[in-house]
Amino acid sequence: MPVHNADIGSIFEEIADLLEIQGGNPFRIRAYRNAARTVGEYRRDLKTLIDQGGSLPKLPGVGADLGGKIREICANGTCELLERLHREMPAAITELLRIPGLGPKRVRLLHDALEVDTIEQLRRAVRSGAIRDVPGFGEKTESQITQALESRGSAERRMKLATAAQYAEALATYLGSVPGVAEVTVAGSFRRRRETVGDLDILVAAGVAGPVMERLRAYDEVKTVLASGETRASVVLRSGLQVDVRVVPQVSFGAALHYFTGSKSHNIAIRRLGQARGLKINEYGVFRRTVRVAGETEESVYAAVDLPWIPPELREDRGEIEAARRGELPELVTLADLKGDLHLHTRATDGHNTVREMALAAKAAGLAYVAVTDHSRRLRVAHGLDPRGVSKQIDEIDRVNSALSGITILKGIEVDILEDGSLDLPDSVLKRLDIVVGAVHSAFNLPRRRQTERILRAMDNPYFSLLAHPSGRLLGEREACDVDMLKIVRKARRNGCSLELNAQPDRLDLDDVHCRMARDEGVLVAVNSDAHGVDDFAHLQYGIGQARRGWLTGAEVLNTRNLPELRSLLAHPAKR
DNA sequence: GCCGTTTTCGGCCCGACTGTTTTCAGTCG
């Protein structure tokens, strides 16, 4: 049975949920949650390591006991503790924890008092009014649960970063105009540039909080006010996006910014460092006993625990604190580092603009070169090019190149990788191009081995330069293809190809974890817009955010190279 | 259940808001 690290993580999470409902030792529960996260995100497949007879790597928060459970789960797909908990508590009960307002204590009460173990039973208990008689449950709690049950399924989706940005920037500007407000920053996963955000955390520096709270409640996009205290409020916008606003004095802004940027596990790790130095770190500052020793800036918070400032994109407790301590934080790539864009479309297929218009827009966006990579013939819906169409476009690019200055247009193609791993155009066509971007646009559901082989075979074509949107996922719409990414990354290294980080807000593919895998394996990543129109070069900022989350430096991104260097890298010395 | 710049035992991140209480537990971030 295939057991992936994420499966082990889920089992540990489930154990933690069940132990919590049973009222278990909170620190034991935390240990399971920490391990769930560590294991779930670990980049090498633990079952494979074990099957190959290797010992488990030392993972933080995983000791002898949890290590044994990992082996047990890899062997059996489950572990004795989970089975025992399932005998004591119905498995479905952890679903109840997902209802806002219901935590472990109340779930336990419902189980004991009303034998409520499933969402459906909860629904019946609410309808019959039985829930009101449970001690600790009042009128408000009942209606909160009712609402949660009604809206279940309809909402609860994370919003794409680029979509959330529209709401975030408008609201931040609005709050910034309140008299007395010194500074407004959108913190949270938005600031960490996660591909999707669950809610917005907006931090406001102001002497007095009252007027800010008042203006927030009056914002015309606010649909409901979930909570509203003196310095903190939660509202839901009409878009469905939840927004948490916190007001702090300027002297606490850095500490609050650090606190509300997260991630939670990064913050916990930083606080522990503080604790070891006799410091208390909270959103108001860094304190030795009652004396504030830091907190006006984020830099001062990090300095208090002897660390340099850590970029928000890295704050996931994935080794950034250790790297910072050793002085080995990567110099992350920036938007300004990009010199070109290697994936875009024109009216010849499914783009909206001409070669000339796209080139001028790229120039205006500060780029020195672009590759025109229209679709190949197999992609009928996009009017993909056949060999004649490619020839025509090559002539057009020659004409535009000789007419324009300050921007160079490379000849390329986004060629379909067919189901058997061959490419959709003959080598005689591909050899005329500067760059060949290969992409999967069909048969997304092949089993892992076949899907992987398909891509590996495509990469063996001597003209293959770059694998576009390697996983094929569409955020919130289509899961990633089941592929062995490590094999693909290693093939890219052997063959001298690159992988794309497609910057379209609904792709952002490679994801952060695989970017880092490419980095670790020494494979260059190209951050491309996949622009279909002149405005789409704006996507690049989101691709850069993701690249930074993947620890990429400028040197590790293919299209930070100037044109001569790029040309020599595309020449594939490994293959020709 | 993990772990070590007070420690191999005794700690484990910290505070705001709400509801149901009548001084605080539960939930959330």
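Reminder, nothing fancy here: chain letters follow the sequence lines and each chain counts from 1.
Separating the P atom of B:dC12 from that of B:dC17 is a span of 25 Å, rounded to the nearest Å. Using atom C1' as the reference point in both B:dG11 and B:dT5, the two lie 15 Å apart (nearest Å). Distance check on atom C1': B:dG1 versus B:dT8 gives 15 Å, rounded to whole Å. B:dT20 sits 9 Å from B:dC24 when the C1' atoms are compared, rounded to a whole Å. The P atoms of B:dA16 and B:dT22 are separated by 24 Å, rounded to the nearest whole Å. Here, B:dG15 and B:dC9 have their P atoms 31 Å apart, quoted to the whole Å. Of the P atoms belonging to B:dC14 and B:dT6, the separation is 15 Å, rounded to the nearest Å. Rounded to the nearest Å, the gap between the C1' atom of B:dC2 and that of B:dT7 is 14 Å.
A:Tyr542 meets the ring pair (Phe, Tyr, Trp, His ring centres under 6.0 Å) test with no other residue; sequence neighbours excluded.
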Contact string for nucleotides 23-29 of chain B, one letter per nucleotide 5' to 3', B = base within protein heavy-atom range under 4.0 Å, S = sugar-phosphate only, - = neither, reads ---SSSB
With B for base contact, S for sugar-phosphate-only contact and - for none (protein heavy atoms under 4.0 Å), nucleotides 5-11 of chain B reads -S-----
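Heavy atoms from other residues, nucleotides or ligands lying under 6.0 Å from CZ of A:Arg277 number more than 12. At most 12 non-hydrogen atoms from other residues, nucleotides or ligands lie less than 6.0 angstrom from CD of A:Glu115.
For B:dC3, one of the phosphate oxygens OP1 or OP2 lies less than 4.0 angstrom from a side-chain nitrogen or oxygen of A:Lys58.
Contact annotation: the side chain of A:Arg246 never approaches that of A:Asp201 to less than 4.5 Å [non-hydrogen atoms, C-beta and beyond]. Looking at A:Leu149 and A:Leu122, their side chains come closer than 4.5 Å, going by heavy atoms from C-beta outward. Within the 4.5 Å cutoff, the side chain of A:Ile70 has heavy atoms near those of the A:Val62 side chain.
Closest to the side chain of A:Arg246, out of B:dG1, B:dC17, B:dA16, is B:dA16. The side chain of A:Asn282 sits closest to B:dC14 out of B:dC14, B:dG19, B:dA16. Comparing B:dT20, B:dG15, B:dG1 against the side chain of A:Lys140 picks out B:dT20 as the nearest.
Look at CD on A:Glu230: it is 7 Å from P on B:dC17, rounded to the nearest Å. Distance CG (A:Leu273) to P (B:dC12): 15 Å, rounded to an integer number of Å. The CD1 atom of A:Ile15 sits 10 Å away from the P atom of B:dG1 (whole-angstrom rounding). Note: CD1 (A:Ile268) to P (B:dC2) measures 17 Å, nearest angstrom. One interatomic measurement links the two molecules: OH of A:Tyr284 to P of B:dG15, which rounds to 9 Å at whole-angstrom precision. A:Lys69 places its NZ atom 8 Å from the C1' atom of B:dG1, with the value rounded to the nearest Å. In this structure, A:Leu109 atom CG and B:dT20 atom C1' are separated by 13 Å, rounded to whole Å. Going from atom CE of A:Met213 over to atom P of B:dC17 covers 8 Å, rounded to whole Å.
A:Pro135 comes within 4.0 angstrom of nothing in the nucleic acid, heavy atoms only. Residue contacts shown for A:Ile281 are limited to sugar-phosphate atoms, with no base heavy atom under 4.0 Å away.
Evaluated for a salt bridge (charged side-chain N to carboxylate O under 4.0 Å, His left out) with A:Glu20, the options A:Lys105, A:Arg33, A:Arg106 yield exactly one hit, A:Arg33.
Checking B:dT8 for Watson-Crick or G-U wobble geometry (two distances, each under 3.5 Å) identifies no partner in any strand.
Closest approach of A:Glu142 to A:Val126, counting heavy atoms only: OE2-O, 3.9 Å.
Both A:Phe137 and A:Ala233 lie near DNA chain B, and the one whose nearest nucleotide falls closer to the 5' end is A:Ala233. For the pair A:Leu81 and A:Thr231, nearest-nucleotide mapping onto DNA chain B gives the more 5' position to A:Leu81.
Neither side chain, A:Glu316 nor A:His266, offers a donor N or O lying under 3.5 Å from an acceptor on the other. Of the N and O atoms on the side chains of A:Thr553 and A:Glu556, at least one donor lies less than 3.5 Å from an acceptor on the other residue.
For A:Arg215 and A:Tyr174, the positive end sits near the middle of the six-membered ring, less than 6.0 Å away and at most 45° from its axis.
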